[in-house]
Novice: 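Can you keep this structure in mind? I'll have questions shortly.
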Protein chains: 2
Amino acid sequence: MQMRFDGRLGFPGGFVDLEEGLEAGLNRELEEEMGLDVRICGITEEDWAATEVHDEQNFVSHFYIKKITLDQIRQIETAATTAKDHGLESLGLVRVPVYTLPRDKAGGLPAFLSNTFIGTAREELLMGLEQEGILSHAEIQKALKASGARRQ
Amino acid sequence: MQMRFDGRLGFPGGFVDLEEGLEAGLNRELEEEMGLDVRICGITEEDWAATEVHDEQNFVSHFYIKKITLDQIRQIETAATTAKDHGLESLGLVRVPVYTLPRDKAGGLPAFLSNTFIGTAREELLMGLEQEGILSHAEIQKALKASGARRQ
């Protein structure tokens, strides 16, 4: 995830231009915000995971999930520090701890979930962890309970 | 600042070994966690800012502040992604927004301050911002009020 310009954690993304498709717009944003080499790990229609209608703000958001290798994560992290929007839209990339520390029952994912997130980013993170089989529904519920946060 | 292994925001640092001095221990930790080239921007006694006694946990912590250039920050951010402890103790570096967004009176520093911090890291951040003249006492109090967080 990234620390956003507004001090909240979220996923990279943004508004799609009128003349481009959804995935083209997303890949453009990923390149601008993270310096992503979309030829190597661009997003396609197959990575679509969810769509949400925001009636009050009058827009629709689409969430994509893509599993990548540790080497790809490392490449993305290094490239991100020189991306066009680094220091502007994005203040830095962070990995998400998906464990709970045994000695400190809130340390790890529960404490991470108690940070401040934009919109539904926390729920999207949890959906991704469950969908990809990284954590079970029960493990997520336990982490949420330990964090004091409520799933919307 | 960094997202720590425990899901909380904090500053890099750690315990000093018995045979090393305070600044030597700090520079070693900065090298391990951020890949800092201590020959270029290592910490010295002159950067010392505060000391705090933690009676209950039986340790003393020392906080150092050092002003660096934008080029140095960029070098540190890029080197940090390949540091020894990246992905272990540190999950990523983030810049701190020191502004408040005009349209969204919580976006920026206030929202950032509502994240989850380790120990006294939030107070140390605010002390640094004030000491270096980046924000005035009044500006910090205003941001804290907008964040809903209380300065300890």
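Each chain gets a letter, A, B and so on, in the order the sequences are listed, and its residues count up from 1.
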Novice: Around atom CZ of B/Phe59, are there more than 12 heavy atoms of other residues, nucleotides or ligands at under 6.0 Å?
Specialist: yes

Novice: Minimum heavy-atom separation for A/Arg8 and B/Gly107, please, with both atom names.
Specialist: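 For A/Arg8 and B/Gly107, the tightest heavy-atom pair comes out as NH2-N, 3.9 Å.
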
Novice: What residue, out of B/Gly108, B/Gly92, B/Pro110, has the most heavy-atom pairs lying under 4.5 Å from chain A?
Specialist: B/Gly108

Novice: As an exercise, state the distance from CZ of B/Phe112 to CG of A/Leu9, rounded to the nearest 0.5 Å.
Specialist: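 Between B/Phe112 CZ and A/Leu9 CG, I get 9.0 Å after rounding to 0.5 Å.
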
Novice: If you count heavy-atom pairs under 4.5 Å with chain B, which of A/Val94, A/Ile73, A/Thr100 comes out on top?
Specialist: A/Val94

Novice: Applying the 4.5 Å side-chain criterion to the ILVMFWY set and letting contacts propagate, would A/Ile68 and A/Tyr64 be lumped into a single cluster?
Specialist: yes

Novice: Measure distances from A/Ala80 to the heavy atoms of chain B and classify the residue's part below 4.5 Å as side chain, backbone, both or neither.
Specialist: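 Neither part.
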
Novice: Would you say CD of B/Gln57 has more than 12 non-hydrogen atoms from neighbouring residues, nucleotides or ligands within 6.0 angstrom?
Specialist: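 Buried by this count: over 12 neighbours within 6.0 Å.
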
Novice: Just wondering, are more than 12 heavy atoms of other shown residues or ligands nearer than 6.0 Å to CG in A/Asn58?
Specialist: no

Novice: Any side-chain to backbone donor/acceptor pair from A/Asn115 onto B/Thr116? Under 3.5 Å, distance only.
Specialist: yes

Novice: Membership question, hydrophobic clusters at under 4.5 Å side-chain separation (ILVMFWY): are A/Ile118 and B/Leu113 in the same one?
Specialist: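 No, it is not one cluster - the side chains of B/Leu113 and A/Ile118 are not joined through contacts under 4.5 Å.
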
Novice: With a sphere of 6.0 Å drawn around NZ of A/Lys66, does it hold more than 12 non-hydrogen atoms of other residues, nucleotides or ligands?
Specialist: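 Yes - once you tally the heavy atoms of other residues, nucleotides and ligands closer than 6.0 Å, there are more than 12.
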
Novice: Could you look at A/Leu93 and say if it's the side chain, the backbone, both or neither that has a heavy atom under 4.5 Å from chain B?
Specialist: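 Backbone only.
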
Novice: Does any backbone or side-chain atom of B/Ala79 lie under 4.5 Å from a heavy atom of chain A? Answer side chain, backbone, both or neither.
Specialist: neither

Novice: Tell me which of these, B/Asp104, B/Thr82, B/Leu109, has more heavy-atom pairs under 4.5 Å with chain A than the rest.
Specialist: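 Highest number of heavy-atom pairs under 4.5 Å: B/Asp104.
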
Novice: Taking B/Leu22 as the starting point, is it possible to reach B/Val60 by hopping between hydrophobic residues whose side chains are less than 4.5 Å apart?
Specialist: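 Different hydrophobic clusters.
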
Novice: On a heavy-atom basis, which atom in B/Pro97 and which in A/Gly7 lie closest, and how many Å separate them?
Specialist: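 Looking at all heavy atoms of both residues, the shortest contact is CG-CA, 4.0 Å.
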
Novice: Check each atom of A/Phe117 against the heavy atoms of chain B and say whether the ones under 4.5 Å are side chain, backbone, both or neither.
Specialist: neither

Novice: What's the shortest heavy-atom distance between A/Phe5 and B/Tyr99, and which atoms?
Specialist: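 Looking at all heavy atoms of both residues, the closest pair is O-OH, 2.6 Å.
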
Novice: Please name the pair of heavy atoms, one in A/Arg95 and one in B/Gly87, separated by the smallest distance, quoted to 0.1 Å.
Specialist: NH1-CA, 3.6 Å

Novice: Do B/Val96 and A/Leu91 come close enough that some side-chain heavy atom pair is under 4.5 Å?
Specialist: no

Novice: Examine A/Met34 and A/Val16 and state if one hydrophobic cluster contains both, with Ile, Leu, Val, Met, Phe, Trp and Tyr joined whenever side-chain heavy atoms are less than 4.5 Å apart.
Specialist: yes

Novice: What do you reckon, is CD of B/Glu19 surrounded by more than 12 foreign heavy atoms closer than 6.0 Å?
Specialist: yes

Novice: For a side chain to side chain contact (heavy atoms under 4.5 Å, CB included) check, start with the C-alpha distance between B/Met3 and A/Met1, then their side-chain angles and the critical distance, and finish with the verdict.
Specialist: CA-CA 11 Å; B/Met3 179 58 71; A/Met1 301 187 77; over 6 Å; no

Novice: Grouping I, L, V, M, F, W and Y whenever their side-chain heavy atoms are under 4.5 Å apart, do A/Trp48 and A/Phe11 come out in a common cluster?
Specialist: no

